[in-house]
Undergrad: 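Can you keep this structure in mind? I'll have questions shortly.
Side-chain atoms are counted along with the backbone in the values below, which use heavy atoms only and exclude waters and symmetry mates.
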Amino acid sequence: MTKKNVIIIGAAGRDFHNFNTYYRDNEDYNVVAFTAAQIPDIDGRKYPAELAGKLYPAGIPIYAEEKLFDLIKEFDVDDCVFSYSDVHYVKLMNLGAMVNSAGANFVLLGVKDTQITSNKPVISVCATRTGTGKSQTSRKVIETLLEHDLKVVAIRHPMPYGDLVAQRVQRFATVEDLKTHECTIEEMEEYEPHVIRGNIIYAGVDYQAILDAAEQDPDGCDVILWDGGNNDFSFYKPDLAITVLDPHRAGHELEYYPGEVSLRTADVSIINKIDSANAEDIVTVENNIKHANPTSQILKAESTITVDNPELIKGKRVLVVEDGPTLTHGEMKIGAGTVAAERLGAAEIVDPRPFAKGSLIDTFKKYTHVEQVLPAMGYGKQQLKDLEATINATDCDAVIIGTPMDLNRVINIDKPTTRVHYDLHEVGDSNLETVLTKFIAEHNLAK
């Protein structure tokens, strides 16, 4: 039987997982290449032989997605497997049409062929868009389970932008571990809030090996918590699926891939940020949940904000630095830092664009909806230098850090800074405590 030639269309995350779970060691297919998008400087390398398995002793090359049409012709490709997240359906199907026109099939792998089963109870926290509040929801779930004396190990959606062999299985227990693993800002934004609370979190490339390690964690493991990334669906088969939705982007829950998969597979749907969203948008999201997944339980929550030094905001000209992915491919114009500036009476939110340096000039050109805020781009050392230079060049009185991790730890800011923290606060009688108490009883976890 002739093998099918395959290209996996990715962005250094879901693509590697789809390969590992479906194509690695599968004699029916020949994966000739990965393509890369969304993240800078991840093309031009290889998925290494050490991770690719016996069928790929030379590894698998990774090309820029812009070369996809020509690659299909060059390698006589049969299937192109779309494998990244937070993509509008128009863009998704534009890409599908291009793949079809080049002669290949456009493939989307589902939960049956890609979700791994754990021997521990699994709770997944996913979302319909980047920046909805997954991380604060994951923290709330973990804190609630800890109050029941349960040991929770979190596993984070992948962000392997460095040495893939070294990143095969990563365990983070302290802030020092972030330095050891040479984490990017995006990684630190997700891992740091866990480790400073004393939670163990795993990530990496090979999610079967990661699960094996997490289940046997030396500190113990009663429950696995899947802390999702972007709007991807869980890599593990969940026993309780939680999906977070954002009324600031009402309607997007039915317009972006694979966020709608996360919505349709949710046991619990949380409408977050109701304290800062319009009432009609909240209703729209609630109606869309009922339409797409009528059996899902609906919770509503506020994203509550606290500020370290509010006196640095009131009456001041401030630069707001927000979470990078939330602003870029998450398409948000504001984040928690902007909300804090407005609520605490900043005299002016300074436009950072005239002061942008290096790669951030290109970021503003590419993401034209980003205007009055600075995205914390830090996928590599040069981007960190550009971020530092841009902040220090900006004419302002103070800097509001709206990212989940403290930028002062990785760059030198020559102005007063204040951090914004945000937590999930459910509103109404239905809450996560009730949901998780039922989950604990169903899985005989009570201690």
Undergrad: Is the shortest heavy-atom distance from the side chain of Ile123 to the side chain of Leu436 under 4.5 Å?
TA: yes

Undergrad: Describe, in one word, how the ring planes of Trp226 and Tyr207 are oriented to each other, choosing from parallel (under 30°), tilted (30 to 60°) and perpendicular (over 60°).
TA: perpendicular

Undergrad: Show the nearest heavy-atom pair for residues Thr35 and Asp15, with the distance to one decimal.
TA: O-OD2, 4.2 Å

Undergrad: Tell me yes or no: between the side chains of His17 and Thr114, is some donor less than 3.5 Å from an acceptor?
TA: no

Undergrad: Identify, with sequence neighbours excluded, every residue that meets side-chain contact (heavy atoms from CB on, under 4.5 Å) alongside Glu433.
TA: Thr144, Glu147, His148, Asn431, Thr437

Undergrad: Parallel, tilted or perpendicular for His443 and Phe439, by the 30°/60° rule?
TA: tilted

Undergrad: side-chain contact (heavy atoms from CB on, under 4.5 Å) with Ala49: which residues, sequence neighbours excluded?
TA: none

Undergrad: Could you go through the salt bridge (charged side-chain N to carboxylate O under 4.0 Å, His left out) check for Asp232 and Arg14 one step at a time?
TA: CA-CA 8 Å; Asp232 206 352; Arg14 162 65 69 173; 3.1 Å; yes

Undergrad: Can you name the closest pair of heavy atoms from Ala36 and Ile62 and give their distance?
TA: CB-CG2, 3.9 Å

Undergrad: Hey, does the side chain of Asp267 reach the backbone of Ala241 with a donor-acceptor pair shorter than 3.5 angstrom?
TA: yes

Undergrad: If you look only at pairs with a residue in residues 264-291, which of them pass as a ring pair (Phe, Tyr, Trp, His ring centres under 6.0 Å), with sequence neighbours excluded?
TA: none

Undergrad: Shortest non-hydrogen contact from Ala154 to His194?
TA: CB-CE1, 4.1 Å

Undergrad: Filter on ring pair (Phe, Tyr, Trp, His ring centres under 6.0 Å), then keep only pairs touching residues 107-136, sequence neighbours left out; what's left?
TA: none

Undergrad: So, Asn5 versus Asn30: side-chain donor-acceptor pair below 3.5 Å or not?
TA: yes

Undergrad: Does the side chain of Asn272 come within less than 4.5 Å of Thr132's, by heavy atoms?
TA: no

Undergrad: Could you check whether the rings of Phe19 and Tyr56 sit parallel, tilted or perpendicular, using 30° and 60° as the cut-offs?
TA: perpendicular

Undergrad: Applying side-chain hydrogen bond (donor to acceptor under 3.5 Å, both in side chains) between His252 and each of Glu260, Arg129, His88, report the one that passes.
TA: Arg129

Undergrad: Do the charged groups of Asp275 and Arg343 touch, with an N to O distance under 4.0 Å?
TA: yes

Undergrad: Is Glu322 close to Val370 at the side-chain level, that is, under 4.5 Å between some pair of heavy atoms?
TA: no

Undergrad: Out of Tyr84, Tyr23, Phe16, which one pairs with Phe34 under the ring-ring contact (aromatic ring centres under 6.0 Å, His included) rule?
TA: Phe16

Undergrad: Verify salt bridge (charged side-chain N to carboxylate O under 4.0 Å, His left out) between Lys120 and Asp217, making sure each step is shown before the conclusion.
TA: CA-CA 12 Å; Lys120 302 287 185 179; Asp217 188 81; over 6 Å; no

Undergrad: Do Gln382 and Asp386 get their side chains close enough for a donor-acceptor pair, meaning under 3.5 Å?
TA: yes

Undergrad: Listed by chain and number, what are the side-chain contact (heavy atoms from CB on, under 4.5 Å) partners of Pro218, not counting sequence neighbours?
TA: Arg171, Tyr202

Undergrad: Just so I know, are the side chains of His181 and Phe172 near enough to count as touching, which here means a heavy-atom distance under 4.5 Å?
TA: yes

Undergrad: Check whether NZ of the Lys or CZ of the Arg Arg156 lies under 6.0 Å from the centre of the six-membered ring of Tyr191 and within 45 degrees of that ring's axis.
TA: no

Undergrad: Should Lys447 and Asp222 count as side-chain neighbours, where that means a heavy-atom distance under 4.5 Å?
TA: yes

Undergrad: For Phe75, enumerate each residue passing the side-chain contact (heavy atoms from CB on, under 4.5 Å) test, keeping only those at least two apart in sequence or located in another chain.
TA: Val32, Tyr63, Leu71, Val77

Undergrad: Find the distance between NZ (Lys237) and CD1 (Ile224) and round it off to the nearest 0.5 Å.
TA: 16.0 Å

Undergrad: With a 4.5 Å limit on heavy-atom distance, are the side chains of Thr128 and Val285 in contact?
TA: no

Undergrad: Can you measure from CD1 (Ile201) to CG (Asp227) and round to the nearest 0.5 angstrom?
TA: 5.5 Å

Undergrad: For a quick test of reading the model, state the closest non-hydrogen atom pair linking Ile305 to Ala336 and the distance between them.
TA: CD1-O, 3.8 Å

Undergrad: Starting at CZ of Arg419, measure out to OG1 of Thr306 and round the result to the nearest 0.5 Å.
TA: 9.5 Å

Undergrad: Side chain to side chain contact (heavy atoms under 4.5 Å, CB included) for Glu143 and Arg197? Distances and angles first, verdict last.
TA: CA-CA 9 Å; Glu143 289 163 3; Arg197 289 169 168 79; 3.2 Å; yes

Undergrad: Looking only at heavy atoms, what is the nearest atom pair of Asp25 and Gly53, with distance?
TA: OD1-CA, 4.1 Å

